[in-house]
Amino acid sequence: YEFESLAQTDGYQQLIGHGAGNPEWSDEVRENYLELHPDPRMAELSEQILSESSIPPAIEEDPFARALATKLWLDRELIYSTRERHAGVEDPTIDFLFGNRIGYCVHFAHAAVFLYRAAGVPARIGTGYMVPEENRRGGSSVMVRSSDAHAWAEIYLEDVGWVVLDIAVQACAISRCSGTRVRN
């Protein structure tokens, strides 16, 4: 297998001033990356987040500024726990975001993407895994565990491309979170 890995080197300041999306996208592609969640509370929450944010007036319509304000709100308001599954409900994203706000990367990524889109910023979910080298244990095969998996949100900025805007929560429930254990 061959792959190419890219790391973002531009600081957030360099991402201000770029349009949302790619002008070469077809209408269908643009609609796909801007598809709103059918629950109207998602758009209402996006409006609330943006109205309460501290985006300077000069850039309040900037796609990256809007997405970043949303990300920072999610960082503060969500709680990480792998124990909360939101399983067996009609819509796990709605149950998570308008319920106890306790979840893990899959919940964070879906909530972020729908809020970014409600803010007018094309977004998608990325998934993958990272397996530590020590898991090879001297062999040529690697054991991939579910704990090695991750999901994140990405936004698209004109002349930049897809930018990872992952949620980094500040609070953890009783479970693993950045190597620490915190009780709420």
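Annotation for Asp159 and His18: closest pair CB-ND1, 4.0 Å, computed over non-hydrogen atoms. Taking every heavy atom of both residues into account, Ala69 and Ser53 meet most closely at CB-CB, 3.8 Å. Smallest separation of non-hydrogen atoms from Leu165 and Tyr12: CD1-OH, 3.8 Å. Nearest heavy atom pair, residue Tyr104 against residue Thr82, reads CD2-CA, 4.0 Å. Of all the heavy atoms in Leu15 and Phe64, the pair that sits closest is O-CB, 3.4 Å.
Checking side-chain atoms of His37 against main-chain N and O of Ala43 turns up no donor-acceptor pair under 3.5 Å. Side-chain atoms of Arg30 come within 3.5 Å of backbone atoms of Asn22 as a donor-acceptor pair (strictly under, hydrogens ignored). Under a 3.5 Å cut-off, the side chain of Arg117 and the backbone N or O of Leu36 do not form any donor-acceptor pair. Under the 3.5 Å distance criterion, the side-chain polar atoms of Gln14 are matched with a main-chain donor or acceptor of Gly11. One N or O on the side chain of His86 and one on the backbone of Ile102 form a donor-acceptor pair closer than 3.5 Å.
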Given side chain to side chain contact (heavy atoms under 4.5 Å, CB included), test Ile79 with Arg101 step by step and report yes or no. CA-CA 6 Å; Ile79 299 170; Arg101 295 187 181 157; 5.8 Å; no

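Within a 6.0 Å radius of OH in Tyr129, no more than 12 heavy atoms belonging to other residues, nucleotides or ligands are found.
Between Phe96 and Phe108, the ring planes lie tilted relative to each other; the angle falls in the 30° to 60° range.
Looking at Leu45, Leu115, Asp75, Val121 one by one, the single match for side-chain contact (heavy atoms from CB on, under 4.5 Å) with Thr70 turns out to be Leu115.
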